[in-house]
A.B. asks: 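Take a look at the following structure, please.
Atoms considered below: every heavy atom in the structure, side chains included; atoms not considered: hydrogens, waters and symmetry mates. By convention in this document, chain letters (A, B, ...) are assigned in the order of the sequence lines, proteins followed by strands, and residues within each chain are numbered from 1. None of these values were measured; they are calculated from a predicted model.
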Number of protein chains: 2
Amino acid sequence: MTPGPLSDRTRRVLACLVKDYIDSGEPVASAALCRRAGLGVSSATIRNVLAQLEDMGYVRQPHTSAGRVPTDLGYRYYVDMLLDTRRATRDASSVEARLREQAGAAPLFDQLLSSASHVLFEFSHHVGFAIAPSEQHAIFQRIEFVPLSGSRVLVVTVARGNHVSQKVIDTGEEIPPSALSQAASYLNAEFGGMPLADVRDAVIARLEQERTLYDQLRAIALTLARTTLEGIETPASVFIDGASSLADTGDATPVSLSTLRTLLQMVEEKQRLVRLLDAYLEGPGVAVVIGAEHHDPQLRGCSLVVAAYGDGARRGAVGIIGPTRMHYSRAISVVDGAAVAVARFLRDEN
Amino acid sequence: MTPGPLSDRTRRVLACLVKDYIDSGEPVASAALCRRAGLGVSSATIRNVLAQLEDMGYVRQPHTSAGRVPTDLGYRYYVDMLLDTRRATRDASSVEARLREQAGAAPLFDQLLSSASHVLFEFSHHVGFAIAPSEQHAIFQRIEFVPLSGSRVLVVTVARGNHVSQKVIDTGEEIPPSALSQAASYLNAEFGGMPLADVRDAVIARLEQERTLYDQLRAIALTLARTTLEGIETPASVFIDGASSLADTGDATPVSLSTLRTLLQMVEEKQRLVRLLDAYLEGPGVAVVIGAEHHDPQLRGCSLVVAAYGDGARRGAVGIIGPTRMHYSRAISVVDGAAVAVARFLRDEN
DNA sequence: GTTAGCACTCGTCAGGTGAGACTGCTAGAG
DNA sequence: CTCTAGCAGTCTCACCTGACGAGTGCTAAC
């Protein structure tokens, strides 16, 4: 019951048990630990230690005469230990190399994130994802209007870091191409270099200020810009790869069918993932959410390893989702590596 | 053994059996058919009929003292029957209404297809998909160049039917924005209204013809156009929705885990789906591929209902994928409805 | 505090049994 | 010649059983 500090031996037994279980997927017996753990004590002593650990809630027995299996709390202890030791030894290099290879020399930001999710999947064999920062704080570089049929216009916005986004708006009346391109030039000259949210506010302010706009061109440009920037808070694009790993039939079903369903739904309705992460992403570095620690009861039974990249208001996230029984050590270093690589890319591009 | 024409009674028994099995998912007994089929004969007679049907390969018994289950051949017979009767009674209206509601009044082509896959999923509760026609035959309407950082340029191409596609190219040297927009104007004026493949050929021809281009602007424009149109054969965008339905735990596992994996992989590596369909899509109307009729052995155990839309060279497809035990009648009318709706949209937009 | 040894518990597996579900067959009726 | 009633046969499923083995908890001795 007492969650007090564990003795060194107890810690080592727990760590070894978790590691063994992650590798084998089968309850770990005291005899096996005795052999593997390398501290010179007999299985009987280990059994006493295990009984303690069970009292404290770190391990449990599937049934009376089975070995021990880590609980979520046990995983948590193990992971915290890892996070402490790992902090120094980042081996991001191979992840970063693969990411550069995958994404090409100078990709669009979306391509980079898509590649990141793919690389995370490749390295971890679990579902990998990458989430873009909210567009609000992106630095406006350029806008372009492409006329479509009727009164519709395709708006292409480019922000720093090759962050391209597009949107279709309906202008109500047909605007000649020449007017569109002049409007674009005006906006590019006027607002280039500002954060998108500020551009939006500035546009609205000007429209308010000068009720009657004598300059027809400026009126068109500002109105177009306002419509374009209206929905700027909402999206945050999400990239996911490796959903097929959920059906991996390695040994037994790694996650329950209902959990699988929830995850697949998340793959489709990507914004759910964003909402999920908002709750967990605070500090820097890698965060791990294990099994029952999830708020959503459907997600107990799977773990989330996630790291934020970028700074201040312009933060995104990369990570992986897999069964609670995953190779945390590898997962953590891979996710960490990916976050560092994406952050570096952002810095270099600016 | 003889696949000869079935007697009216035999047909009705088979149809009733398939329908019952699709509804219940359990082997159908002679007594149940006797009750449901409504032809005034006893279960013993039904049993004789069933023995015949089994000889001919339309049904089988999971084990000696179980009811009958349709084979793929049985489903095939049932579906062919449906296709015959259904041809007249298209009730596309509700599908089309939902599609218009979902996609909005005048969507981009991609949005339309994305909505179509979603609506197919909604109506059938199976995986819905929509595939765009190859870009080659799209009618070129407009091109626009947006400068990115360094020597990279974002190219936005608009084809008829609000078919927008984009691509990043590296020009090697930085080109000033004004030159880019002039190049775009030149290309728009010169090639508007031609099929993209023809535009590509024309561009290449001109570059060949006039080795030394005195007009700097034309040189830039043509070179940009060539690079842009290089990879025009490859893509064919694919939209898929409802993968989570694969994990539906309605009754037992509807598809095997390995089939599920194959399908999930197909969801990720979408081009596989395109290759799959190329083999089946020939005539007009709805095509159904059932279980073992698939070439890919991994896909036995699931069925594909698909219909082409559009005409001639400019054909795409919509459809659904689900377990062999699916509501074919509904599936067929829904897929048919979606194909008709998408085709109508294409026609209206042109 | 540690260890050896032993009794005990519990899940798993193979084998066996009874009930229930349907069929195939056969003999007889229409 | 077609249909039907009835019955024996066969198979699955659920349940129980006992032997086995894995692994523990406990205790007494070091």
Side-chain angles (χ1 to χ4, degrees), chain A residues 1 4-14 16-18 20-21 23-71 74 251-253, chain B residues 1 4-14 16-18 20-21 23-71 74 251-253:
Chain A
M1 280 302 141
L6 272 49
S7 84
D8 188 54
R9 185 172 70 192
T10 312
R11 275 212 302 276
R12 287 180 61 177
V13 169
L14 178 54
C16 188
L17 183 141
V18 174
D20 265 30
Y21 180 70
D23 282 339
S24 71
E26 287 183 357
V28 186
S30 57
L33 283 174
C34 185
R35 238 177 298 120
R36 291 267 286 95
L39 16 87
V41 296
S42 81
S43 65
T45 309
I46 305 275
R47 279 203 286 282
N48 288 329
V49 174
L50 288 177
Q52 272 176 264
L53 283 171
E54 184 155 8
D55 279 349
M56 293 189 285
Y58 290 117
V59 299
R60 67 185 177 82
Q61 289 180 287
H63 56 263
T64 315
S65 82
R68 263 36 175 235
V69 164
T71 59
D251 35 15
T253 321
Chain B
M1 279 302 138
L6 274 48
S7 83
D8 188 53
R9 185 172 69 189
T10 312
R11 274 211 303 278
R12 286 181 61 178
V13 169
L14 178 55
C16 188
L17 183 140
V18 175
D20 264 30
Y21 180 71
D23 282 339
S24 71
E26 287 182 358
V28 186
S30 57
L33 282 173
C34 184
R35 239 176 297 122
R36 291 267 284 95
L39 12 88
V41 295
S42 81
S43 65
T45 308
I46 304 275
R47 278 200 288 281
N48 288 329
V49 175
L50 288 178
Q52 273 176 261
L53 283 172
E54 185 155 7
D55 279 349
M56 294 188 283
Y58 290 117
V59 299
R60 67 185 176 81
Q61 290 181 285
H63 55 264
T64 317
S65 80
R68 278 2 188 254
V69 164
T71 60
D251 35 15
T253 323

A.B. asks: Atom CG of A/L53 and atom C1' of D/dG25: how far apart are they, to the nearest Å?
C.D. replies: 16 Å

A.B. asks: Can you tell if the side chain of B/V69 reaches within under 4.5 Å of the side chain of B/E26, non-hydrogen atoms only?
C.D. replies: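 Counting from C-beta outward, B/V69 and B/E26 never come under 4.5 Å.
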
A.B. asks: Kindly compute the distance separating CZ (B/R9) from CG (B/L14), expressed to the nearest 0.5 Å.
C.D. replies: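 Answer rounded to 0.5 Å: 14.0 Å.
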
A.B. asks: Please check this pair: side chain of B/T71 against backbone of B/Y58, looking for a donor-acceptor N/O pair closer than 3.5 Å.
C.D. replies: yes

A.B. asks: Atom CG of A/L50 and atom OG1 of A/T45: how far apart are they, to the nearest 0.5 Å?
C.D. replies: 10.5 Å

A.B. asks: Using 4.0 Å as the upper bound for N to carboxylate O, is an ion pair formed by A/R68 and A/E54?
C.D. replies: yes

A.B. asks: Over how many whole Å does the gap from A/Q52 atom CD to D/dC26 atom P extend?
C.D. replies: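 So the CD-P distance, A/Q52 to D/dC26, works out to 13 Å.
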
A.B. asks: Between the protein and nucleotides 1-3 of chain D, are there any N/O to N/O pairs under 3.5 Å, and if so, what are the atom names and distances?
C.D. replies:
| from | atom 1 | to | atom 2 | distance (Å) |
| --- | --- | --- | --- | --- |
| D/dC3 | OP1 | B/R9 | NH1 | 3.0 |
| D/dC3 | OP2 | B/R9 | NH2 | 3.3 |

A.B. asks: B/Y21 and B/V28: which non-hydrogen atoms are nearest, and at how many Å?
C.D. replies: N-CG2, 3.9 Å

A.B. asks: If I take atom CG in residue A/L50 and atom C1' in nucleotide D/dA22, what distance separates them, rounded to the nearest angstrom?
C.D. replies: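 Nearest whole value for this atom pair: 15 Å.
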
A.B. asks: Compare every heavy atom of B/L17 with every heavy atom of B/P70, then report the nearest pair and how far apart it is.
C.D. replies: CD-CD2, 3.7 Å

A.B. asks: In whole Å, what is the span from the CZ atom of B/R47 to the C1' atom of D/dT4?
C.D. replies: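 Between C1' of D/dT4 and CZ of B/R47: 10 Å.
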
A.B. asks: Taking any heavy-atom pair under 4.0 Å as a contact, classify B/S43: base, sugar-phosphate, or nothing.
C.D. replies: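 Nothing, no nucleic acid heavy atom in range.
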
A.B. asks: In whole Å, I'd like the distance from the CD1 atom of B/I46 to the C1' atom of C/dG24.
C.D. replies: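 It is 15 Å, rounded to the nearest whole Å.
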
A.B. asks: Atom CG of B/L33 to atom C1' of C/dT23: distance rounded to whole Å?
C.D. replies: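 About 13 Å, once rounded to whole Å.
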
A.B. asks: Using a cut-off of strictly less than 4.0 Å, decide whether A/R68 has a side-chain nitrogen or oxygen near OP1 or OP2 of D/dG25.
C.D. replies: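 Checking A/R68 against D/dG25: at least one side-chain N or O falls below 4.0 Å of OP1 or OP2.
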
A.B. asks: Given atom CG of B/D20 and atom P of C/dC22, what is their separation to the nearest angstrom?
C.D. replies: 12 Å

A.B. asks: For B/P62 and B/G67, which heavy atoms make the closest approach, and how far apart are they?
C.D. replies: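 In this case the closest contact between B/P62 and B/G67 is CD-O, 3.4 Å.
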
A.B. asks: Which pairs, protein N/O on one side and nucleotides 10-21 of chain C N/O on the other, fall under 3.5 Å?
C.D. replies:
| from | atom 1 | to | atom 2 | distance (Å) |
| --- | --- | --- | --- | --- |
| C/dC10 | O2 | A/S65 | OG | 3.2 |
| C/dA21 | N3 | B/S65 | OG | 3.2 |

A.B. asks: Under 3.5 Å, sequence neighbours excluded: what are the donor-acceptor pairs made by side chains of residues 29-38 of chain A?
C.D. replies:
| from | atom 1 | to | atom 2 | distance (Å) |
| --- | --- | --- | --- | --- |
| A/S30 | OG | A/R47 | NH1 | 3.3 |
| A/R36 | NE | A/D20 | OD1 | 3.2 |
| A/R36 | NH2 | A/D20 | OD1 | 2.7 |

A.B. asks: Rounded to whole Å, how long is the line connecting atom CZ of A/R60 with atom C1' of D/dT24?
C.D. replies: 17 Å

